[in-house]
Amino acid sequence: MIGNSSFAGLGNSSFASLTPAPASADEAEPWVRGELIRSLMRASRGSYLLAAALMPAMVGLSWGHVPAWQLIVWLVIGIVATGCRIWGEQLYARHYADRDSAAQQYFVERYRYLWSASGFAWGLSILIFFERTPLVNQFMSWLIVAGVATFPLNGLALHPPLLRRYVNTLFFTMLAAIILRMIELKFERPHFHYGFLMLPVLHWWLLLRAGRRIHETARNSFELLFHNHILINSLTQQRQAAVSAVAMKNRFLASAAHDMRQPVLALSLYADWLRNEPELVADIAPKIVRATHAVNALFDSLFDLARIDSGQVRLHIERVDVAQLLHDLELQYRPVAEAKGLTFRMHVTPGTVLTDPIRVRRMIGNLLANATKYTAEGGILLASRQTRDGLRVEVWDTGIGIAREHLRDVFLEFYKVADHAGTSDGFGLGLAIVARLSHALGHPVSVRSRLGRGSVFRVALHDADETQAQTRISGAVG
């Protein structure tokens, strides 16, 4: 009495309109539940109309053997149940079909009585034919009821609580109707053998068992779809990361070659000049020294960046006196600032932090070097402040500033703001090194700037964990 219960019964359209799967594996279960309910609603769309079309056949098989008013009452009950299902389908299409998994679950829990109404109407059909019509008519009526019980199996199995509600309502009503008829007949021997009455019970059990198997198959299919989606997303991200890495490396090499060409060309010109006019050595020698320093500075920055990106930097985390570290930096950068006519001020709050002193000194030193390079007048402030999250070092300047649209890009290697005064003699690596070390040590860097007014870079000095920091800097390769 049970039809084909394969998952293929849902049709090819079951997966045609899946909602986008979430990116996180933690959301797999809600997504799968929601998609099972969506498939249930698609599979059951209009199926109740087939059952409704069989109602006149049921009435016809009993016509002339059962009072007409009883047949009409049952037919009205069936039409009302069908109308409720039509109303429920329209309600779902308007308000729930495109919503999330929680909304799908809410719909089937709130309107589960719609399926109970259908089961109840068909269970009552036993009263109009059982032991009231000829044997052949009874047999045909039993086949119709069995078919109505089996038709929605593939759809309802996608949500087991709904399947159990429908099947239990149908068969409990059917058994109650059989008992009522047997009482009415005073338990006289029916035309069928008593063993035949066990067939509906067997059919009931088989429907629930087949429903569990269909549900397991469907769930496994959706889980496979979900994990395939996660895998495809991961592969897509890795491919994009690889493409971005290649593009970045190409830009890196092109920019390095461009920035190296100028000082190397200058060295070549000065050497030719000195060879042709050796008496100008006093004028040419300082220029050769500056060009050499520029090449060395570029190589130092490239090597630092390469070591960080290859994970070859060995960090040494220790307790660092931040005030002392800032005073050491003052000794290094105050003369440079004052040589440009800039004021150099300090505002230091005592405190210590667990970090790598050499790398933090490099970070803040690069910020100070940038501030000095891009400030023509005014001054520089180096400060440390105690916040509720810990110590924070700030580097203020009254320089040229950075436009809002460039704030994120200034931390990329070789990035220079086009047509920006003061950027022509830089390599665009200082802030890239700051960004790499910031990520490794867990010292977030933020920036605020106003074009033409100046900038402030802030470094939050949280206590670093040596193992995590080393893992992050070693993982820079990937």
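FYI, the numbering just counts along the sequence from 1.
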CA sep, side-chain torsions, deciding dist, call: Asp463, Arg319, salt bridge (Lys or Arg N to Asp or Glu O under 4.0 Å):
CA-CA 9 Å; Asp463 281 348; Arg319 181 63 60 180; 3.8 Å; yes

Please step through side-chain contact (heavy atoms from CB on, under 4.5 Å) for the pair Leu49 and Ile86, ending with a clear verdict.
CA-CA 9 Å; Leu49 296 178; Ile86 294 173; 4.2 Å; yes

List the steps and the verdict of side-chain contact (heavy atoms from CB on, under 4.5 Å) for Ile214 and Asn154.
CA-CA 7 Å; Ile214 293 172; Asn154 282 337; 3.1 Å; yes

Checking Leu368 against Leu382 for the side-chain contact (heavy atoms from CB on, under 4.5 Å) test, could you report, in this order, the C-alpha distance in whole Å, the side-chain angles of both residues, the deciding distance, and whether it holds?
CA-CA 8 Å; Leu368 286 170; Leu382 176 61; 4.1 Å; yes

Test log, rule side-chain contact (heavy atoms from CB on, under 4.5 Å), inputs Leu441 and Arg359
CA-CA 9 Å; Leu441 294 171; Arg359 313 305 168 189; 3.8 Å; yes

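Minimum interatomic distance between Gly365 and Leu329 (heavy atoms only, all atoms of both residues): CA-CD2, 4.1 Å. Closest approach of Ala52 to Thr82, counting heavy atoms only: CB-OG1, 3.6 Å. Across Ala371 and Ile380, no two heavy atoms sit closer than the pair C-CD1, 3.9 Å. Among all heavy-atom pairs drawn from Phe107 and Gly88, the shortest one is CZ-O, 3.6 Å. Here the closest non-hydrogen pair linking Pro350 and Ala323 is CA-CB, 4.5 Å. Of all non-hydrogen atoms in Leu163 and Leu156, the two that sit nearest each other are CB-O, 3.5 Å.
Heavy atoms of other residues, nucleotides or ligands lying less than 6.0 angstrom from CZ of Arg385 number more than 12.
Between atom CZ of residue Arg42 and atom CG of residue Leu158 there is a gap of 9.5 Å, rounded to the nearest 0.5 Å. We find the OG1-CZ distance between Thr169 and Arg112 to be 10.5 Å, quoted to the nearest 0.5 Å. Distance check: Leu325 CG to Ile364 CD1 gives 5.5 Å after rounding to the nearest 0.5 Å. Residue Leu114 holds its CG atom at 9.0 Å from CG of Leu162, rounded to the nearest 0.5 Å. Note that OH of Tyr111 is 6.0 Å distant from OH of Tyr113, once rounded to the nearest 0.5 Å. Here Thr343 contributes atom OG1 and Arg345 contributes atom CZ; the two are 6.0 Å apart, rounded to the nearest 0.5 Å.
One side chain, Asn168 or Trp204, offers a donor N or O that lies under 3.5 Å from an acceptor on the other. With no hydrogens or angles considered, no side-chain donor-acceptor pair links Thr236 and Arg239 at under 3.5 Å. For the 3.5 Å distance criterion, the side chains of His443 and Thr355 qualify, holding a donor opposite an acceptor. Counted by atom type alone, Trp31 and Glu29 present zero donor-acceptor pairs between their side chains at under 3.5 Å. Under the 3.5 Å distance criterion, with hydrogens and angles disregarded, a donor-acceptor pair is assigned to the side chains of Gln324 and Asp328. The closest side-chain donor-acceptor pair between Tyr333 and Glu338, if any, does not fall under 3.5 angstrom.
For the pair His215/His159, no side-chain contact is recorded, criterion being any heavy-atom separation below 4.5 Å from C-beta on. In this structure, the side chains of Arg219 and Leu36 come closer than 4.5 Å at one or more pairs of heavy atoms. Side-chain contact between Arg165 and Ser116 is present, with at least one heavy-atom pair separated by less than 4.5 Å. Side-chain atoms of Val393 and Leu326, non-hydrogen and from C-beta on, do get closer than 4.5 Å to each other. Between Thr217 and Phe222 the shortest side-chain heavy-atom distance does not fall below 4.5 Å. Leu207 has its side chain within reach of Thr150: a pair of non-hydrogen atoms, C-beta onward, lies under 4.5 Å apart. At a threshold of 4.5 Å between non-hydrogen side-chain atoms, the residues Leu431 and Leu367 count as touching. Tyr166 places a side-chain heavy atom less than 4.5 Å from the side chain of Ser118.
Panel note: side chain Thr349, backbone Ser384; a donor-acceptor pair is recorded below 3.5 Å. In terms of modelled atom types and a separation under 3.5 Å, the side chain of Ser44 and the main chain of Gly155 share no donor-acceptor contact. In this structure, the side chain of Gln104 engages the main chain of Tyr96 through a donor-acceptor pair within 3.5 Å. For the pair Arg38 (side chain) and Ala97 (backbone), a donor-acceptor distance under 3.5 Å is present. With hydrogens and angles disregarded, a donor-acceptor distance shorter than 3.5 Å links the side chain of Ser101 to the backbone of Pro30. With Thr398 contributing its side chain and Glu377 its backbone, the two residues share a donor-acceptor pair below 3.5 Å. In terms of modelled atom types and a separation under 3.5 Å, the side chain of Lys340 and the main chain of Ala376 share no donor-acceptor contact.
Taking 4.0 Å as the cut-off between side-chain N and carboxylate O, Arg392 and Glu394 count as a salt-bridged pair. A salt bridge does not link Arg362 to Asp356: none of the charged nitrogens lies less than 4.0 Å from a carboxylate oxygen.
Between Phe171 and His203, the gap from one ring centroid to the other is short of 6.0 Å.
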